[in-house]
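Input: a single structure, listed below in C-alpha cells.
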Amino acid sequence: MAGNNGFSVSGYGPERSSMSARLFARDSLVRRMDWPILLAALALSAIGSALVYSATRNRTELVGDDPYSFLFKHVLNTGIGIALMAGTVWLGHRTLRTAVPILYGISVFLVLLVLTPLGATINGAHAWIVIGGGFSLQPSEFVKITIILGMAMLLAARVDAGDRAHPDHRTVLQALGLAAVPILIVLLMPDLGSVMVMAMIVLGVLLASGASNRWVFGLLGTGAAGAIAVWQLGILDDYQIARFAAFANPALDPAGVGYNTNQARIAIGSGGLSGTGLFKGSQTTGQFVPEQQTDFVFTVAGEELGFAGAGLILVLLGILLWRACRIARETTELYGTIVAAGIIAWFAFQSFENIGMTLGIMPVAGLPLPFVSYGGSSMFAVWVAVGLLQSIKVQRPMSA
C-alpha cells in the first residue's frame, strides 16, 4: 500500500511490520532520502554554530552577560529548521502544490506588513517584523519559496498533464506576473539583496521550464533596464548607493562605507592556510568586522580556520548543489525539476554573493550565507528548501 509520499512498506510480511523495519526497508522514505544533501546541510549548520559563537562571545553589547546567547539561538533556529524540513518531506511537494495559492497569499501579506508601522529596520534594512522576546521575522526569505512553488505550479501544469511539451507564452507571462508582485513589494522596502536573489530564482525557473529563450533574454534585458530605473528614480537608500560606490572604488572611503569590506579582507587574508585557530582570530576577537555573525560570518572561517576551513564550507555547498542538480535532472515531472532548479539558483547565487562580498569581488548586499549565518528566517527557509528537495527525491518512482 503506497503512502502519500509515494513509497511502499508492503510485501515484507508480519515479521517486517515493526516501525524500524518500515523506516529502513529498501523502498522506505528514510532510505530514499538524499543523505549527502542532508549531511552537508547539517555540517554547514554545525560549522555555523562555532563561527557564530566565535563572532559574538565577546560582544557584550549583543550578548550581555550570556556569551552563549547567539549560539543557543542559532542551534534553536537550526533545530526548528530541521523540524520544518521533516514536515515538508512528510507533506510532500505535491501536496504543497495544491496549497500554493494560500502560501502565496500569506507571503505577500507578510511582506506588505513590513511597509506598515509594524515593519522594523534592522542593520539598515527595513525588511523585518519584530515579534517580541528578541525574535523577528524577515518575510522576504519565505517569498523565495513561494515564488519557486508558484511559478513551478503555473509553468508545469499543462506540461505534466501531457497537454503541451513546453509552457506557452501566456503561461510564462502569468508566472512572471506572480513573481513580480512580491518582488516589487520587497524592492519598495528596499531590500535589494533579496530582490537580486529572487531575480536569479526567476531566471533559473524559466531556464528549467523549457520556456522560449526569448523570455530569458527578455528577462535579462528587463532586469538591466530595471536596475538603471531604480538607480535613476532614487528608490535605493543612500547607504545602498554608497555600498555600490565603495565596491566600484574600494579606496573611496576606507574608514566609512568601505570599512566592512576592507576589514573582511584583512580578516580572511590573515588566516593563511590553516588559520589562527578557532576563537583565536585577532580581527574577530577585536570586533573589527561589523555584523560578523550574519552577513560576514565567512570572515570568521577565513581567519580562524584558514583556507582549509573556508574551503571546506565551499566543498559542502558544492556537494549540496551537485546533489540538488542530480535531483532536478532525474525527476520525471517538470514541476519537481522546476522547484529543484529554483532552489539551486537561490543557494548558488546567495552563496556566491555572500562570499564574494567578503572578498571584495561583489557589492555588499546584506545576504546571509545559507545554513551558516545567524538568522532564524533564513535558517527556516533554507531547511524548508532542503525538505522540498528531499520530497522530490523520495517521491520519484523507484527504478525496477
Side-chain angles (χ1 to χ4, degrees), residues 5-7 19-20 22-54 71 74-93 145 275 278 297-298 300-301 304-331 336 339-352 354-355 368-376 378-396 398:
N5 278 313
F7 62 96
M19 178 61 73
S20 59
R22 292 199 300 270
L23 283 175
F24 294 99
R26 186 183 68 86
D27 201 18
S28 71
L29 180 147
V30 172
R31 285 189 177 273
R32 292 178 65 179
M33 287 178 64
D34 194 295
W35 281 95
I37 282 183
L38 182 58
L39 293 175
L42 286 171
L44 287 167
S45 295
I47 293 172
S49 297
L51 301 182
V52 166
Y53 174 64
S54 180
L71 173 62
H74 186 80
V75 173
L76 176 63
N77 290 336
T78 302
I80 295 174
I82 293 172
L84 290 172
M85 179 208 68
T88 302
V89 177
W90 180 75
L91 286 172
H93 68 290
I145 297 173
L278 194 59
V297 72
F298 190 74
V300 187
E304 299 188 344
L305 304 180
F307 179 81
L312 175 60
I313 292 176
L314 294 178
V315 168
L316 291 171
L317 288 169
I319 291 172
L320 198 154
L321 292 172
W322 162 57
R323 299 298 298 186
C325 288
R326 183 170 179 175
I327 289 172
R329 185 179 67 249
E330 294 181 352
T331 185
V339 171
I343 294 171
I344 293 166
W346 166 13
F347 284 6
F349 177 77
Q350 187 161 318
S351 299
F352 177 76
N354 176 275
I355 295 172
L369 184 58
F371 303 99
V372 182
S373 293
Y374 174 82
S378 173
M379 187 68 77
F380 302 160
V382 295
W383 275 106
V384 168
V386 170
L388 288 170
L389 290 173
Q390 297 289 6
S391 174
I392 296 168
K393 173 71 164 54
V394 301
Q395 291 191 19
R396 190 179 72 233
M398 293 288 288

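Sequence positions, counted from 1, serve as the residue numbers for this chain. Computed from a predicted structure; not experimentally measured.
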Quiz item: Where do S373 and H74 come nearest, in terms of heavy atoms and distance?
Solution: O-CE1, 3.4 Å
Self-check item: I82 and L42, any side-chain heavy atoms less than 4.5 Å apart
Solution: yes
Self-check item: Interatomic spacing from CE in M85 to OG1 in T78 - rounded to 0.5 Å
Solution: 12.0 Å
Quiz item: With side chains defined as the heavy atoms from C-beta onward, is the minimum distance between V386 and F371 less than 4.5 Å?
Solution: yes
Quiz item: How far does CD1 of I37 sit from CD1 of I327, to the nearest 0.5 angstrom?
Solution: 3.5 Å
Quiz item: If you round to the nearest 0.5 Å, how far is CG of L305 from CZ of F298?
Solution: 10.0 Å
Self-check item: CG-CZ distance between L389 and R326, expressed to the nearest 0.5 angstrom
Solution: 14.0 Å
Quiz item: Distance from L278 atom CG to S54 atom OG, nearest 0.5 Å?
Solution: 5.5 Å
Self-check item: Heavy-atom closest contact (S391 atom, T88 atom, distance)
Solution: CB-O, 4.4 Å
Quiz item: So do the side chains of L317 and F347 get within less than 4.5 Å of each other, counting heavy atoms only?
Solution: no
Exercise. Identify the two heavy atoms, one from V89 and one from G387, that lie closest to each other, and give their separation to 0.1 Å.
Key: CG2-O, 3.5 Å
Self-check item: Side chain to side chain, L44 and V382, heavy atoms closer than 4.5 Å
Solution: no
Exercise. Run the numbers on L314 and I355 for side chain to side chain contact (heavy atoms under 4.5 Å, CB included), then give the verdict.
Key: CA-CA 9 Å; L314 294 178; I355 295 172; 3.3 Å; yes
Quiz item: Side chains of N77 and Y374: does their closest heavy-atom pair fall under 4.5 Å?
Solution: yes
Quiz item: Can you tell me how far the CG atom of L76 sits from the CG atom of L71, to the nearest 0.5 Å?
Solution: 11.0 Å
Quiz item: Are the side chains of L369 and S351 in touch, meaning some heavy atoms are under 4.5 Å apart?
Solution: yes
Self-check item: Distance-minimising heavy-atom pair for Q350 and P368
Solution: NE2-O, 3.0 Å
Quiz item: Got a sec, which pairs hit salt bridge (charged side-chain N to carboxylate O under 4.0 Å, His left out) with one end in residues 304-324, sequence neighbours left out?
Solution: D34-R323
Quiz item: Looking at side-chain heavy atoms only, is the closest gap between I145 and W346 below 4.5 Å?
Solution: yes
Exercise. State, with a plain yes or no, whether a side-chain heavy atom of T331 is found less than 4.5 Å away from one of V339.
Key: no
Exercise. Could you tell me which non-hydrogen atom of V75 sits nearest to which non-hydrogen atom of S49, and how far apart they are?
Key: CG2-OG, 3.9 Å
Quiz item: What are the two closest non-hydrogen atoms of G81 and F380, and how far apart are they?
Solution: N-CD2, 4.1 Å
